[in-house]
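The block underneath contains the structure these notes are about, expressed in structure tokens.
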Amino acid sequence: MSNSLLLHFYLKTPKAYISGATPIYLRLTVDGKRAEFSIGHKCEPSKWCKKSERVLGNREVTKILNRFIEQFQAKIYQAQDLLIRNSEDVTADEIRNIIVGKKETGRTIIKVFREYNTKVEELVGKEFAAGTLERYKTSLKHTQDFIEWKYKIKDLDIKKVDNEFVSEYEHYLRTVRNCANNSAVKYIKNFEKIIRICLANGWITVNPMLNYKAKLKKVERVFLSQEELVTLQKKQFSIERIAQVRDIFLFSCYTGLPVPVETKMT
């Protein structure tokens, strides 16, 4: 993958040219290979500066055209950056295709994941619990960390997600992140929701999760006996905050209401 990119704006004189404004073209060069195309504007040859590759003069129309050229140049570098982030080959043709709209830039995993999390956050208290949002946020972070760890990029085109990606991601969760079986499976299941969204929207056509077979393991829940609850109830704490946490915990035990995440004892 090359980051070498040269830009050259110039006037292209049509055949049998006599007079008048001529099209402004851009020539892209990457690793010695070129691609050129019109930027959609024209300029009088007498007003074009070959050295600065800009229009001469101080008139407002001239300033507007020069600003357009600057913005057009910025789009070229943005297209280059997009190809790099998506682990695609940076070529003059690929950059040109993005600019002229012949190339679909596709969807990226992290972007889709963030968009979904934003929707979940907006529906907390209506369709989702706060804990669900936190799980998806954690899953998003693990996914992003994995992509940076494995591919050395910030995001990845969703079309590049395959069975190998899923297998490597699960291995990463179990080893690098040291997640227990059920935690790793739940994070993969959260990730699978993003895959289903991409499938439903037609952004991908093959489900990379088809061969994923991991299952949750039954966990024996440890609970307090009546005697232990009474002991905890009688326990005196010097710190009022800890005593309040104890009271909330006991209330949850006796009523069956879940303990809020932020008040759980460690």
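For clarity, every value in this text was computed on a predicted model and none was experimentally measured.
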Taking [X] for its side chain and [Y] for its backbone only, find out whether a donor-acceptor pair lies under 3.5 Å.
| X | Y | value |
| --- | --- | --- |
| S252 | I248 | yes |
| N190 | S139 | no |
| S225 | E228 | yes |
| T108 | I110 | no |
| T231 | E227 | yes |
| N97 | D93 | yes |
| Y17 | G20 | yes |
| N211 | N163 | no |
| N66 | V55 | yes |
| D89 | T91 | no |

Any heavy-atom pair between the side chains of [Y] and [X] that's under 4.5 Å?
| X | Y | result |
| --- | --- | --- |
| K159 | R107 | no |
| L28 | L6 | no |
| I109 | T143 | yes |
| L173 | S183 | no |

Do [X] and [Y] meet the criterion of a side-chain donor-acceptor pair at a distance under 3.5 Å?
| X | Y | result |
| --- | --- | --- |
| N207 | R196 | no |
| R135 | T132 | yes |
| T138 | Y187 | no |

Does atom [atom1] of [X] have more than 12 heavy-atom neighbours from other groups under 6.0 Å away?
| X | atom1 | answer |
| --- | --- | --- |
| E70 | CD | yes |
| R67 | CZ | yes |
| E240 | CD | no |
| H8 | NE2 | yes |
| K235 | NZ | no |

Measuring from atom [atom1] of [X] to atom [atom2] of [Y], what distance do you get when rounded to the nearest 0.5 angstrom?
| X | Y | atom1 | atom2 | answer |
| --- | --- | --- | --- | --- |
| L11 | K50 | CG | NZ | 8.5 Å |
| I153 | Q144 | CD1 | CD | 11.0 Å |
| I24 | H41 | CD1 | NE2 | 7.5 Å |
| D162 | I204 | CG | CD1 | 10.5 Å |
| T118 | L123 | OG1 | CG | 11.0 Å |
| E168 | K150 | CD | NZ | 4.0 Å |

Practice task
Answer yes or no on whether R246 is positioned over the face of F237, meaning its NZ or CZ is under 6.0 Å from the six-membered ring centre and within 45° of the axis.
Solution key: no
Problem - Candidate list F146, Y172, Y212, F165, test ring pair (Phe, Tyr, Trp, His ring centres under 6.0 Å), partner F191, passing option - result: F165
Charged N-O contact under 4.0 Å between [X] and [Y]:
| X | Y | value |
| --- | --- | --- |
| R27 | E53 | no |
| E122 | K119 | no |
| E36 | R96 | no |
| K160 | D157 | no |
| R174 | E170 | yes |

Handout entry: Closest non-hydrogen atom pair between I99 and K75, with its separation
Key =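 Result for this residue pair: CD1-O, 3.7 Å.
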Exercise for the section: Heavy atoms only: give me the nearest N117-L133 pair and the separation to one decimal. Expected result: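 The answer is O-CD1, 3.7 Å.
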Problem - Aromatic contact, F9 with Y25 (centres under 6.0 Å) - result: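 No: the rings miss the under 6.0 Å criterion.
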Practice task
Please state whether the rings of F72 and F68 are parallel, tilted or perpendicular, taking 30° and 60° as the class boundaries.
Solution key: tilted
Problem - Given L83, I76, I84, L82, the one that forms side chain to side chain contact (heavy atoms under 4.5 Å, CB included) with Q80 - result: I84
